[in-house]
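Just so it is clear: chains get the letters A, B, ... in the order the sequence lines come, proteins before strands, and each one is counted from 1. Predicted model, so just to flag it, every value in this text is computed and none were measured. We use all heavy atoms of the structure for the numbers below, so side chains are in, but hydrogens, waters and symmetry mates are not.
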Protein chains: 2
Amino acid sequence: MNENARPLRRNEIRAQNEALILQAAEMVFAEAGFGGATMQLIADMAGLPKANLHYYFATKEDLYRRVVQNIFEIWLHAADCFDAAPGPVEAIGAYVDAKMEISRRHLNGSKVWASEVMHGAPVIQDYLETTLRDWTAGRARLIQNWVDEGRMDPVNPRHLLYMLWATTQHYADFGHQIETLNDGQPLSDAEWLAAKESVKSIILKGIGAI
Amino acid sequence: MNENARPLRRNEIRAQNEALILQAAEMVFAEAGFGGATMQLIADMAGLPKANLHYYFATKEDLYRRVVQNIFEIWLHAADCFDAAPGPVEAIGAYVDAKMEISRRHLNGSKVWASEVMHGAPVIQDYLETTLRDWTAGRARLIQNWVDEGRMDPVNPRHLLYMLWATTQHYADFGHQIETLNDGQPLSDAEWLAAKESVKSIILKGIGAI
DNA sequence: CTTCACCTTGACCATACGGTCAGGAAAAGA
DNA sequence: TCTTTTCCTGACCGTATGGTCAAGGTGAAG
């Protein structure tokens, strides 16, 4: 797999192979689910012998856990723009943009994440109960402040967050359905833009922020 | 498959066992995914020997297909209220109500459906390309009419439909996450009502229908 | 009662899966 | 150079899975 003539250094080898395996695993887990995924398939996808996977990741669960944690990090990071913004319009607008971009750029990761939660979060339950719970509480308070300041309608902050998650995540998880309804064509750049704008405008108007 | 001349008692046995198996299968497929589900587990859940499952459903795929088709019927049926309504407010309001009820009453079915679509719709791709495509085109036209008549803002009908699907489906598929963020408690009747009203009011206001 | 189609199930089978391991190759360190 | 550490992998193993089957049970039609 290493076409460059230059021999790789130790830490380079490890980093490269782990990344290769994680990428292949993300794809296979997204397409087949945890139960349907096989180490052999991931190995083939990564172009490595199966035994080599077990050298870097002891078990299938370990590998899966790493994939889930990776996407969780990205998912949570999209929240940064939420804090930097001066008001609901900018915050929610930027958040929708960021999450739509995740749905588009990390399609497989998004699916793995959805699958994990859907099956009861067997490996990241603790994250949900700590990191995510804290994050959500903080953002709900922020939204409540905007409500109290009269900058938007008195909506339930949690249900608004769920709506943001749902609408943006949908374009990844149900991307296949959307593509089928789009005459089998993936959404074009323009259509992605239209989707983003549609989501943003309906929600922002819906909560009385514009 | 149905023989009309067959004595009633026999039919009852078959109907009862098929229903039992389908219910158990729906639960196991929802919790473990297609790949993670095992016939043995479904059999145990149904209180029948494994070989008996294979008497009624030749293969795991057959059983899975039946589960998916069942929920698809229910899912599509929720559209009825869409047509009977005189305008966007009533139609979308009733549709959200119906779909939220499905998320609540058919939680496992909803998850199986989501999982099926997420993994590329291996068994119901033809439904997506025929029944669903037709249904969507019809509803999109209806919405466009309302737009043309000035009864709502000029939103993209398809993205509005995706938003309706996403927001309602989310309460099933990500129900575990929502429950975790709700201090580990399932949503109460009041909270389900609040969720429904929240979704309806934000979307209806967001599209300028109220 | 006899017959016959339908239902039931323990035991069994081939396969594929996750995981292991011994031993060799290659880089790093001395 | 020689030694140590890390990396690589074909061959292998125990187990669990989807699926089969033959033998026996059961309701009801004739």
Side-chain angles (χ1 to χ4, degrees), chain A residues 1-22 24-29 31-68 112 119 122-123, chain B residues 1-22 24-29 31-68 112 119 122-123:
Chain A
M1 281 286 111
N2 175 28
E3 280 132 25
N4 298 344
R6 187 177 68 84
L8 289 169
R9 287 220 194 99
R10 274 276 142 84
N11 48 4
E12 282 177 343
I13 289 177
R14 174 166 283 270
Q16 179 178 304
N17 280 344
E18 282 189 356
L20 207 61
I21 293 167
L22 283 169
E26 188 179 84
M27 177 176 296
V28 174
F29 283 133
E31 284 177 0
F34 177 79
T38 70
M39 294 298 270
Q40 187 61 63
L41 221 135
I42 296 171
D44 293 348
M45 217 69 156
L48 295 171
K50 193 186 68 166
N52 209 347
L53 296 212
H54 283 102
Y55 174 74
Y56 287 104
F57 301 92
T59 68
K60 190 182 170 186
E61 275 85 358
D62 284 345
L63 178 51
Y64 176 72
R65 182 173 294 113
R66 281 285 299 273
V67 170
V68 170
V112 173
H119 297 138
V123 320
Chain B
M1 269 285 176
N2 279 337
E3 302 85 349
N4 295 337
R6 195 74 39 65
L8 186 70
R9 182 97 189 99
R10 281 276 156 83
N11 279 347
E12 281 178 351
I13 290 177
R14 174 168 281 270
Q16 181 178 307
N17 279 345
E18 282 189 356
L20 205 64
I21 294 168
L22 283 169
E26 187 179 86
M27 176 177 294
V28 174
F29 283 134
E31 284 177 1
F34 177 80
T38 71
M39 293 299 268
Q40 188 60 63
L41 222 134
I42 296 171
D44 293 347
M45 219 65 158
L48 295 170
K50 192 186 70 167
N52 210 348
L53 297 213
H54 281 101
Y55 174 73
Y56 287 104
F57 301 92
T59 68
K60 189 182 172 187
E61 275 87 357
D62 284 345
L63 178 51
Y64 175 72
R65 184 173 293 116
R66 281 286 299 274
V67 171
V68 170
V112 173
H119 297 138
V123 320

Worksheet item: Going by the side chain to side chain donor-acceptor pair (under 3.5 Å) test, which pairs reach into residues 37-48 of chain A, not counting sequence neighbours?
Response: A:Gln40-A:Asp44
Worksheet, complete the sentence: Closest heavy-atom pair, A:Val67 versus A:Ala25, reported as atoms and distance to 0.1 Å, is CG2-CB, 3.9 Å
Practice prompt. Ignoring backbone atoms, test whether A:Asn11 places a side-chain nitrogen or oxygen under 4.0 Å from the OP1 or OP2 oxygen of D:dT6.
Written response: no
Discussion item. Over the length of the helix from C:dC1-D:dG30 to C:dA30-D:dT1, how much do the five-pair end axes diverge, rounded to 10 degrees?
Written reply: 0°
Worksheet entry | Spacing between A:Asn52 atom CG and D:dC7 atom P, to the nearest angstrom | 10 Å
Discussion item. Rounding to an integer number of Å, can you tell me how far B:Leu53 CG sits from D:dT17 C1'?
Written reply: 13 Å
Worksheet item: For B:Glu18 and C:dT8, what is the distance between atoms CD and P respectively, to the nearest whole Å?
Response: 11 Å
Worksheet item: Separation of A:Arg14 atom CZ from D:dT6 atom P, in whole Å?
Response: 9 Å
Worksheet entry | Rounded distance in Å - OH (B:Tyr64) to C1' (D:dG19) | 20 Å
Item to complete: Can you run down the salt bridge (Lys or Arg N to Asp or Glu O under 4.0 Å) pairs that involve residues 53-62 of chain B, sequence neighbours left out, and say none if there aren't any?
Response: B:Asp62-B:Arg65
Worksheet item: Between atom CG in A:Asp44 and atom P in C:dA16, what is the gap in whole Å?
Response: 14 Å
Discussion item. Using a 4.0 Å heavy-atom cut-off to protein, can you give one letter per nucleotide of nucleotides 17-24 of chain C, 5' to 3': B if the base is in contact, S if only the sugar-phosphate is, - if neither?
Written reply: SBBBB---
Discussion item. As an exercise, state the distance from NE2 of B:His54 to CD1 of B:Ile21, rounded to the nearest 0.5 Å.
Written reply: 10.5 Å
Item to complete: For A:Phe57, answer base if it contacts any base atom (sugar-phosphate contacts may also be present), sugar-phosphate if it contacts only those atoms, and nothing otherwise; contact means non-hydrogen atoms under 4.0 Å.
Response: nothing
Practice prompt. Take the protein atom CG of B:Asn17 and the nucleotide atom P of C:dC6, then report the distance between them rounded to whole Å.
Written response: 16 Å
Discussion item. Can you confirm whether B:Leu22 sits close enough to B:Leu63 that some side-chain heavy atom of one is under 4.5 Å from a side-chain heavy atom of the other?
Written reply: yes
Fill in: Residues forming a ring pair (Phe, Tyr, Trp, His ring centres under 6.0 Å) with A:Tyr64, sequence neighbours excluded
A:Phe29, A:Phe34
Discussion item. Looking at every heavy atom in both B:Val28 and B:Ala37, which two are closest together, and how far apart are they?
Written reply: CG1-CB, 3.6 Å
Worksheet, complete the sentence: Looking only at D:dC7, C:dT9, C:dT8, the nucleotide nearest the B:Tyr56 side chain is C:dT8
Worksheet item: Is there side-chain contact between A:Phe57 and A:Met39, with at least one heavy-atom pair below 4.5 Å?
Response: no
Fill in: Phosphate OP1/OP2 of C:dT8 contacted by B:Tyr55 side-chain N/O (<4.0 Å)
no
Worksheet item: CD of B:Gln16 versus P of C:dC7: gap in Å, rounded?
Response: 12 Å
Discussion item. Taking the minimum atom-to-atom distance to the side chain of B:Ile13, which one of C:dG10, D:dC7, C:dC7 wins?
Written reply: C:dC7
Item to complete: Mind checking side chain to side chain donor-acceptor pair (under 3.5 Å) for A:Asn17 and listing every partner two or more places apart, or none if nothing turns up?
Response: A:Tyr56
